[in-house]
Amino acid sequence: MAAKKKYDFTEVLISREQLADKVAELGAQISEDYQGESLFLIGILKGSVPFMADLMRAISLDVEMDFMSVSSYGSGTKTSGVVRILKDLDSDIAGKNVLIVEDIIDSGLTLAYLKEYLAKRNPKSIKIVTMLSKPARRKADIEADYTGFVVDDKFIVGYGLDIDQKYRNLPYISWIKED
Ligand code: IMP
Ligand code: MG
């Protein structure tokens with residue numbers, strides 16, 4: 001009989017307080033950088049949900065928001081680079097300051113594709129904010145304009161990040177030890 005897979009996610013890599021402080025810092029920086037402008041936030045489902053909810057309230061500008069849902073072909077913890085759009089935007093972004101809100105940049109393949117895809121719709125500007133970044137795994141030539149935390153090459157969960165669709169609701173970031 002195959003051993004049952006068990007996940008231990010009790011080790012706190014980034015605490016609830018650290019996440020909250022970072023969101024406040026990012027929100028203040030973004031508010032300053034776009035002073036006098038309005039922003040169109042695009043959250044990438046589903047991982048960006050907690051970050052989006054916190055970040056939008058830390059931004060003191062006129063903000064619109066929408067979500068996109070994408071799926072990369074490939075399974076488990078692997079990304080192939082081919083992106084399928086499952087849910088597109090509900091409205092036009094032409095002439096708007098777009099800020100893509102992402103949970104984590106790993107290979108960067110998803111965001112490289114999305115940024116190019118959205119840039120074709122003639123936004124006034126297009127930038128990326130990510131809560132987390134794993135630069136060691138980058139395959140695409142892309143970086144976020146705003147990054148919360150740089151993390152090591154470990155599979156992490158919590159604050160929106162999942163494994164098999166679970167643990168997105170952890171209020172802190174942990175990492176998966178498979179045993
Ligand atoms: P990329 O195209 O490789 O940058 O893929 C980014 C996406 O993969 C993220 O938006 C996450 O949904 C997922 N992902 C990458 N690394 C992790 C991780 O450590 N834990 C959970 N999801 C991850
Ligand atoms: Mg994601």
Side-chain angles (χ1 to χ4, degrees), residues 5-16 18-20 22-23 26-27 30 40-56 65-89 93 98-120 126-179:
K5 241 192 214 173
K6 197 176 95 208
Y7 299 123
D8 174 2
F9 51 86
T10 49
E11 191 185 326
V12 177
L13 275 188
I14 304 170
S15 72
R16 192 175 195 149
Q18 286 175 296
L19 290 169
K22 188 59 78 176
V23 168
L26 289 170
I30 290 165
F40 193 105
L41 302 176
I42 301 178
I44 311 305
L45 293 170
K46 309 178 183 84
S48 72
V49 166
F51 181 39
M52 173 69 114
D54 290 341
L55 181 68
M56 66 187 299
M65 62 148 14
D66 201 349
F67 289 96
M68 288 183 78
S69 180
V70 302
S71 115
S72 48
Y73 291 100
S75 61
T77 58
K78 293 257 180 338
T79 312
S80 67
V82 185
V83 174
R84 190 161 48 119
I85 309 288
L86 303 176
K87 183 219 170 287
D88 210 321
L89 298 174
I93 53 167
V98 167
L99 185 60
I100 302 174
V101 180
E102 183 57 301
D103 49 3
I104 186 166
I105 307 185
D106 189 31
S107 71
L109 294 168
T110 308
L111 273 183
Y113 180 92
L114 266 185
K115 194 176 179 187
E116 210 182 292
Y117 179 81
L118 292 171
K120 288 184 189 137
I126 182 161
K127 286 192 178 182
I128 296 168
V129 56
T130 188
M131 192 56 174
L132 301 146
S133 175
K134 268 189 218 168
R137 293 185 26 105
R138 208 71 90 242
K139 286 190 197 135
D141 181 24
I142 192 152
E143 279 312 321
D145 300 278
Y146 303 95
T147 301
F149 297 94
V150 173
V151 293
D152 293 338
D153 184 11
K154 288 178 177 173
F155 198 79
I156 57 180
V157 293
Y159 200 62
L161 293 164
D162 71 301
I163 185 157
D164 300 337
Q165 298 302 324
K166 292 198 211 64
Y167 313 121
R168 293 192 196 276
N169 59 321
L170 288 181
Y172 55 88
I173 302 276
S174 184
W175 66 287
I176 291 289
K177 282 172 267 182
E178 281 186 67
D179 49 28

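We count ligands from 1, going down the list as the structure has it; atoms in each ligand are counted the same way. Because the structure is predicted, anything quoted here is derived from the model rather than measured.
Within the structure, the closest approach of G47 to ligand 1 does not fall below 4.0 Å when heavy atoms are considered. The closest approach between I156 and ligand 1 falls below 4.0 Å for a heavy atom of the residue.
Heavy atoms only, all atoms of each residue included: Q18 and F149 are closest at O-CZ, 3.5 Å.
Of all atoms in ligand 1, numbered sequentially from 1 with element shown, those under 4.0 Å from a heavy atom of D162 are 21 (C). Those atoms of ligand 1 with a heavy atom of E102 less than 4.0 angstrom away are 10 (O). For ligand 1, the atoms sitting less than 4.0 Å from at least one non-hydrogen atom of K134 are 16 (N), 17 (C), 18 (C), 19 (O), numbered in the order shown with element in parentheses. Residue L161 has at least one heavy-atom neighbour below 4.0 Å for each of these atoms of ligand 1: 21 (C), 22 (N).
By the 3.5 Å distance cut-off applied to N or O atoms, F155 is not counted among the residues near ligand 1.
Within 6.0 Å of atom NZ in K166, 12 or fewer heavy atoms from other residues, nucleotides or ligands are found, so the atom counts as exposed in its surroundings.
Side-chain atoms of L55 and I30, non-hydrogen and from C-beta on, do get closer than 4.5 Å to each other. Side-chain contact between I156 and I14: absent, with no pair of heavy atoms (C-beta onward) separated by less than 4.5 Å.
Residues that satisfy the ring pair (Phe, Tyr, Trp, His ring centres under 6.0 Å) test with Y172, not counting sequence neighbours, are absent from this structure. Every residue was checked against the salt bridge (charged side-chain N to carboxylate O under 4.0 Å, His left out) condition with R16, not counting sequence neighbours, and none meets it.
Partner of S174 under the side-chain contact (heavy atoms from CB on, under 4.5 Å) criterion, chosen from L161, V12, T10, V157: V157.
Comparing heavy-atom distances from atom 5 (O) of ligand 1 across V70, D103, T110 singles out T110 as nearest.
Only the backbone of K154 comes within 4.0 Å of ligand 1, judged by heavy-atom distances.
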